[in-house]
Amino acid sequence: MTGRLRLAGWHLAVALLLIPLLYPIAWLAFASFKSGSEIVQSLALLPQEYILDNYRALSDDLAGVPVWQFFVNSTVVATGCAIANIASCSLAAYAFARLRFRLRGVLFAFTLATIMLPVHIITIPQYSLFQKLGMVDTFWPLILPKLLATDAFFIFLMVQFMRTIPRELDEAARLDGCGSIRIFRSVVLPLVRPALVTTAIFTFIWTWNDFFTQLIYLSSPENLTLPLALRLFIDTTDHNAFGPMLALSALAIVPILLFFAAFQRLLVEGFATSGLKG
């Protein structure tokens, strides 16, 4: 009986801690059913009257572009970044964790040091490079950098996973005639699946919510992603469409929740395991 009370108390404490974290999401969901005047004048959680006009307004074009196009753009960018990050970071991590070459330790330390490098330092030279390549106002400046293993955090994560894999597996594979690429594909990758899933989830979510980088490179209405599309609801006049903006914000959260729910088990497994499946 004491154990049940302790467990109930633990769940109650966790629920209380979640209230301030979930309240903004709950307010956003309910506010999407409020009128514009009620959104501005009232801070109450529940609307006085539920209206669907905010969601109906999303059926109209925004800056001459259908709203669904912004979802497609965000999906393309987020998915492309996730795939590129998995491919490049896993290859870099494999080199640091399993291969022996000169200056490996120095290069790995230099890679980790880039975590402390503010992204704003490379923004101007990177923009100048893509401008000369004629890639500004396309999705390429958002996806191509991920192919160069620029996220040192995910490289470090995968290196830690790969270092726990016994090297005897590599030696056995080499005796069977496998080269480094075959060992990477057939031996290492299946054992670091939790790290790959963790990288995919965080890259997808961070890219989906990114505003700064996408604001720099995307300007045409048909190329805008959801974070940039939300900005179109607010202008310098007093005709700000807060209702439709909150409705679109609520819909923008749904893909992230679905993506996280689909891979939640593997994400938890990635934090709980050390990279070696038993």
K.L.:
Holding to side-chain contact (heavy atoms from CB on, under 4.5 Å), I want the full list of residues that pass it with Leu129, two or more places apart in sequence or in another chain.
P.N.:
Leu133
K.L.:
Which residue pairs pass the salt bridge (charged side-chain N to carboxylate O under 4.0 Å, His left out) test with at least one member in residues 119-146, sequence neighbours excluded?
P.N.:
Lys146-Asp151
K.L.:
Can you give me the closest heavy-atom contact between Met158 and Ala93, atom names plus distance?
P.N.:
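Heavy atoms of Met158 and Ala93 come nearest at CB-CB, 3.5 Å.
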K.L.:
Counting N and O atoms only, with roles assigned by atom type, does the side chain of Trp208 sit under 3.5 Å from a partner on the main chain of Ala252, one being a donor and the other an acceptor?
P.N.:
yes
K.L.:
Has Ile124 got more than 12 heavy atoms of other residues, nucleotides or ligands less than 6.0 Å from its CD1?
P.N.:
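12 or below, so no.
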K.L.:
If every non-hydrogen atom of Gln126 is compared with every non-hydrogen atom of Pro141, which pair is closest and at what distance?
P.N.:
NE2-O, 4.4 Å
K.L.:
Just how far is it from atom CG of Leu62 to atom CG of Leu248, taken to the nearest 0.5 Å?
P.N.:
7.5 Å
K.L.:
Please find the pair of heavy atoms, one from Pro47 and one from Phe33, that lie closest to each other, and give the distance.
P.N.:
CB-O, 4.4 Å
K.L.:
Which residues pass the salt bridge (Lys or Arg N to Asp or Glu O under 4.0 Å) test with Arg104, sequence neighbours left out?
P.N.:
none
K.L.:
Would you check, one step at a time, whether the test side chain to side chain contact (heavy atoms under 4.5 Å, CB included) holds for Asn54 with Leu246?
P.N.:
CA-CA 8 Å; Asn54 297 331; Leu246 293 181; over 6 Å; no
K.L.:
Judged by atom type as modelled, is there a donor-acceptor pair below 3.5 Å linking the side chain of Thr198 to the main-chain atoms of Pro194?
P.N.:
yes
K.L.:
Going by the rule salt bridge (Lys or Arg N to Asp or Glu O under 4.0 Å), which residues pair with Asp170 if we only count those two or more places apart in sequence or in a different chain?
P.N.:
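Applying salt bridge (Lys or Arg N to Asp or Glu O under 4.0 Å) to Asp170 gives Arg98.
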K.L.:
Is there a path from Ile83 to Val192 through hydrophobic residues (I, L, V, M, F, W, Y) whose side chains come within less than 4.5 Å of each other?
P.N.:
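Ile83 and Val192: separate clusters.
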K.L.:
Do Leu218 and Leu142 touch side chain to side chain, with heavy atoms closer than 4.5 Å?
P.N.:
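With C-beta onward as the side chain, the pair touches.
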K.L.:
So, Thr203 versus Asn85: side-chain donor-acceptor pair below 3.5 Å or not?
P.N.:
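Present: a donor and an acceptor within the cut-off.
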K.L.:
Name all residues meeting the side-chain contact (heavy atoms from CB on, under 4.5 Å) criterion together with Val254; count only those two or more places apart in sequence or in a different chain, and write none if there are none.
P.N.:
Leu258
K.L.:
Report yes or no: does Thr150 contribute a side-chain atom to a donor-acceptor pair with the main-chain N or O of Pro145 at less than 3.5 Å?
P.N.:
yes
K.L.:
Once side chain to side chain donor-acceptor pair (under 3.5 Å) is applied, what residue pairs with a partner in residues 31-40 remain, sequence neighbours excluded?
P.N.:
Ser32-Tyr55, Ser35-Ser37
K.L.:
Output, in order, the C-alpha distance, side-chain angles, deciding distance and verdict of side chain to side chain contact (heavy atoms under 4.5 Å, CB included) for Ile155 and Thr111.
P.N.:
CA-CA 9 Å; Ile155 297 177; Thr111 301; 4.0 Å; yes
K.L.:
Side chain of Asn73, backbone of Leu224: donor and acceptor closer than 3.5 Å?
P.N.:
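Yes; at least one donor-acceptor contact below 3.5 Å.
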K.L.:
Do any pairs count as a salt bridge (charged side-chain N to carboxylate O under 4.0 Å, His left out) and have a residue in residues 40-56, sequence neighbours left out, and if so which ones?
P.N.:
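As it turns out, the salt bridge (charged side-chain N to carboxylate O under 4.0 Å, His left out) pairs with a partner in residues 40-56, which skip direct neighbours, are Asp53-Arg56.
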K.L.:
For Ser90 and Ala87, indicate whether the former's side chain and the latter's backbone hold a donor-acceptor pair under 3.5 Å.
P.N.:
yes
K.L.:
Compare every heavy atom of Ile216 with every heavy atom of Tyr127, then report the nearest pair and how far apart it is.
P.N.:
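What the structure gives for the nearest pair is CD1-CG2, 3.5 Å.
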K.L.:
Please evaluate residues Phe96 and Phe101 with respect to the criterion side chain to side chain contact (heavy atoms under 4.5 Å, CB included), reporting the C-alpha separation (whole Å), side-chain torsions for both, the decisive distance (0.1 Å), and the verdict.
P.N.:
CA-CA 9 Å; Phe96 286 129; Phe101 54 91; 4.1 Å; yes
K.L.:
Is there a continuous path of hydrophobic side-chain contacts, each under 4.5 Å between heavy atoms, that joins Leu45 to Ile253?
P.N.:
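Looking at the clustering, Ile253 is in the same group as Leu45.
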K.L.:
Apply side chain to side chain donor-acceptor pair (under 3.5 Å) to Tyr23 and list each qualifying residue two or more places apart in sequence or on a separate chain.
P.N.:
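With neighbours one apart ignored, the set is empty.
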K.L.:
Report the C-alpha distance between Phe202 and Phe153 in whole Å, list the side-chain angles of each, state the deciding distance to 0.1 Å, and finish with yes or no for side chain to side chain contact (heavy atoms under 4.5 Å, CB included).
P.N.:
CA-CA 11 Å; Phe202 280 102; Phe153 170 77; 5.8 Å; no
K.L.:
Do the side chains of Leu21 and Phe30 join up, straight or via other hydrophobic residues, at under 4.5 Å, putting them in one cluster?
P.N.:
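As far as the 4.5 Å side-chain criterion goes, Phe30 and Leu21 are not connected within one cluster.
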K.L.:
What residues form a side chain to side chain donor-acceptor pair (under 3.5 Å) with Arg182, not counting sequence neighbours?
P.N.:
Ser186
K.L.:
Residues two or more places apart in sequence or in another chain: which of them pass salt bridge (Lys or Arg N to Asp or Glu O under 4.0 Å) with Asp61?
P.N.:
none
K.L.:
Please check if the number of heavy atoms outside Phe211 that lie under 6.0 Å from its CZ is greater than 12.
P.N.:
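Yes.
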K.L.:
Tell me whether Arg167 at atom CZ has more than 12 heavy atoms from other residues, nucleotides or ligands lying less than 6.0 Å away.
P.N.:
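Yes, CZ of Arg167 has more than 12 neighbouring heavy atoms, counting only those of other groups under 6.0 Å.
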K.L.:
Hey, does Pro255 have a side-chain heavy atom less than 4.5 Å from the side chain of Thr75?
P.N.:
no
K.L.:
For this output row, return yes or no: ring centroids of Phe154 and Trp206 closer than 6.0 angstrom.
P.N.:
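Yes, close enough.
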K.L.:
If you round to the nearest 0.5 Å, how far is CD1 of Ile143 from CE of Met135?
P.N.:
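Taking CE in Met135 and CD1 in Ile143, the distance rounds to 11.0 Å.
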K.L.:
With Tyr94, which residues qualify under side chain to side chain donor-acceptor pair (under 3.5 Å), at least two apart?
P.N.:
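With sequence neighbours excluded, Tyr94 shows a side chain to side chain donor-acceptor pair (under 3.5 Å) to no residue whatsoever.
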K.L.:
Hey, quick one: are Leu99 and Val159 part of the same hydrophobic cluster, counting side-chain heavy atoms closer than 4.5 Å, chains of contacts allowed?
P.N.:
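They do share one cluster, since a chain of ILVMFWY contacts under 4.5 Å joins Leu99 to Val159.
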K.L.:
Calculate, to the nearest 0.5 Å, the distance between atoms CG and CZ belonging to Leu58 and Phe70 respectively.
P.N.:
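Here the rounded value is 10.5 Å.
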K.L.:
Distance check, rounded to the nearest 0.5 Å: Leu196 atom CG versus Ile201 atom CD1?
P.N.:
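Answer for the CG-CD1 pair, Leu196 versus Ile201, is 11.5 Å.
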K.L.:
If you round to the nearest 0.5 Å, how far is CD1 of Ile25 from CG of Leu257?
P.N.:
6.5 Å
K.L.:
Check whether more than 12 heavy atoms from other residues, nucleotides or ligands sit under 6.0 Å from atom CG of Leu43, and answer yes or no.
P.N.:
no
K.L.:
Rounded to the nearest 0.5 Å, how far apart are CD of Gln69 and OG1 of Thr225?
P.N.:
11.5 Å
K.L.:
Would you confirm whether Thr207, through its side chain, and Phe204, through its main-chain N or O, come within 3.5 Å as a donor-acceptor pair?
P.N.:
no
K.L.:
Where do Leu117 and Ile121 come nearest, in terms of heavy atoms and distance?
P.N.:
CD1-CD1, 3.6 Å
K.L.:
Do Val67 and Val76 share a hydrophobic cluster (ILVMFWY, side-chain heavy atoms under 4.5 Å, transitive)?
P.N.:
yes
K.L.:
Restricting to non-hydrogen atoms, name the atom on Ile165 and the atom on Leu169 that form the minimum distance, rounded to 0.1 Å.
P.N.:
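Closest approach of Ile165 to Leu169: CG2-CD1, 3.7 Å.
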K.L.:
Is there a side-chain contact between Leu148 and Ser88 in this structure, where contact means two heavy atoms from C-beta onward sitting under 4.5 Å apart?
P.N.:
no
K.L.:
Side chain of Ser42, backbone of Ala44: donor and acceptor closer than 3.5 Å?
P.N.:
yes
K.L.:
Does Phe233 form a ring pair (Phe, Tyr, Trp, His ring centres under 6.0 Å) with Phe242? I'd like the steps, not just the answer.
P.N.:
CA-CA 7 Å; Phe233 287 105; Phe242 290 112; 9.8 Å; no
K.L.:
Tell me every residue that passes side chain to side chain donor-acceptor pair (under 3.5 Å) with Ser74, counting only those two or more places apart in sequence or in another chain.
P.N.:
none
K.L.:
Measuring only between side-chain heavy atoms, which start at C-beta, is Leu144 closer than 4.5 Å to Phe130?
P.N.:
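Leu144 vs Phe130: side chains touch.
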